[in-house]
Amino acid sequence: MPELSENFKKNLTGFLENYQNFHTLRLHMPGHKGKSLIRSLAGAYAWDITEIHGADSLFEANGILKSAQQETARIYQTGATFWSAGGSTLCIQAMLAQMKAEHRTILAARTVHRAFLNSCVLLDLPVTWIFPRSGSLIGGYYDLSDFEKALQQTSQPACIYVTSPDYLGNLQDIAGLSRICRKYHARLIVDNAHGAHSAFLRENQHPIANGADFCCDSAHKTLPALTGGAFLHVRNSEDAGKIQSHMQMFGSTSPSYLIMQSLESCTDWLAGQGREAIRQCEEFAEQFKNQLSEKYELIGTDPMHLTIRVNGLEFSRILRENYQIECEYADKTCLVLLLSPMLTQQDFARLSAVLLDFCPSGEFIPAQNPPELSRFAEIVCDLRTAALSDWEMIAPEQAEGRICAAVQVPCPPAVPIVLSGERITKETIAFMRFYDLDRIAVMKNIETNHQKF
Ligand SMILES: Cc1ncc(COP(=O)(O)O)c(C=O)c1O
């Protein structure tokens, strides 16, 4: 008999190692039986299992997955943490389902990802929008007093929903928002998809440490986890009760064990050398941004986002074609480079040399300003009715006066320009063209579509 490893039953990786050592005949899903058809993934298939005896079950976790998630909660210092193999998208669905169950009205900062909007459609949640005072729809800064005013005008129990960091790396005042939420007995949800690293910075900047009730972190965005791996954090363990059942409502019954294994190893890494690696990356980013600021205008304060105010389309082409550097996101207003503690000193040296010594400075590839977009769109019908209506795709120029159906903005950055149910104006069309969007879904027939689902 093969020897049991020390980790057997204690963690997922140990369980999987033992499972392979026993050369078990796999008469269970998945159908690949541990064998890969693709050479490049030869090692991976053997680790890809399903909810077999001893492997626990993510949404009813009571064994190795329960203790592993408790370990993630411990290092993030949360009341409870749940793993997602469906990205932050699944976490957002579950957090909003919780708000629905608590009969709360949603007050959301407008720079949301489309995952938020789609969840509101699925759950039939109306939204009151708060607009940024500066910046753009993709990333901007809000005034706390706007949230407070919105809470004062709401008679129902409420929930504030903000994205921080946003796609450009702007951080909102989560501690300030949480104080306001306590004052009005409102919940605070933070989309921290871009900030999984924030608990391990020199100063803990994680939304839960700053008083948020719930938040989601896409571990895969800035930490060493496989794509799709995310955490849903709950500040108060008493609020954790129903979250797993909400995740189960939206998640696949076959969450990927490869992704879960990567979340476990990411957790172990954070408990060990990861913290130091994140701090080193933070330090480098600070120094580097100081040097870069003499040559470029930088946006945002999150250390992992290096956002430069230039014509990003042109800049990203130079980086790709001349230096084999691929960026996270680029448009005519900016370029986003996403850093990570997994970058080596050599990687940083290469990036420094390219940006500081070779690339043209900001004034040679200036950013363009997007056209004005009014914050007061005419709302013709509710989000859900519009998003689930019979729709057609047309060119923006043909859409003036029509009603936006399902939001189909590309990701990245997936921040909707016009919302489902809003009337499309000349301004919207100019804005869409500026961002090179050439199709929009509009409701086919407002009369026949107007019944509520
Ligand atoms: C701000 C924001 N929230 C949520 C999401 C969805 O995250 P995931 O891809 O992990 O589902 C994204 C994805 O890019 C995002 O940028």
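Indexing begins at 1, ligand by ligand and atom by atom, following the structure's order. The analysis underlying the following values was restricted to heavy atoms, covering all of them including side chains, and did not include hydrogens, waters or symmetry mates. FYI, the numbering just counts along the sequence from 1.
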Checklist entry - Between A230 and ligand 1, which residue portion shows a heavy-atom distance shorter than 4.0 Å: side chain, backbone, both, or neither? => result neither
Checklist entry - atom 13 (C) of ligand 1: which protein heavy atom is closest, and how many Å away? => result K221 NZ, 2.8 Å
Next on the checklist: T163 versus ligand 1: do any nitrogen or oxygen atoms come within less than 3.5 Å of each other?
Outcome noted: no
Item to check | Geometric cation-pi criterion K332 and F434, 6.0 Å radius, 45° cone | outcome: yes
Next on the checklist: Show the atoms of ligand 1 that are less than 4.0 angstrom away from any heavy atom in S88.
Outcome noted: 7 (O), 8 (P), 10 (O), 11 (O)
Checklist entry - Between S218 and ligand 1, which residue portion shows a heavy-atom distance shorter than 4.0 Å: side chain, backbone, both, or neither? => result side chain
Checklist outcome for this item: ligand 1 atoms nearer than 4.0 angstrom to some heavy atom of A193 are 2 (C), 3 (N), 4 (C)
Checklist outcome for this item: The protein heavy atom nearest to atom 11 (O) of ligand 1 is T89 OG1, 2.6 Å
Checklist entry - Does the side chain of H197 pick up a donor-acceptor pair with the side chain of D217 at under 3.5 Å? => result no
Item to check | Which segment of D191 sits under 4.0 Å of ligand 1 when only heavy atoms are counted | outcome: side chain
Checklist outcome for this item: In short, V418 meets R110 closest at the heavy-atom pair N-NH2, 4.1 Å
Checklist entry - So, is Y167 polar-close to ligand 1, with some N/O to N/O distance under 3.5 Å? => result no
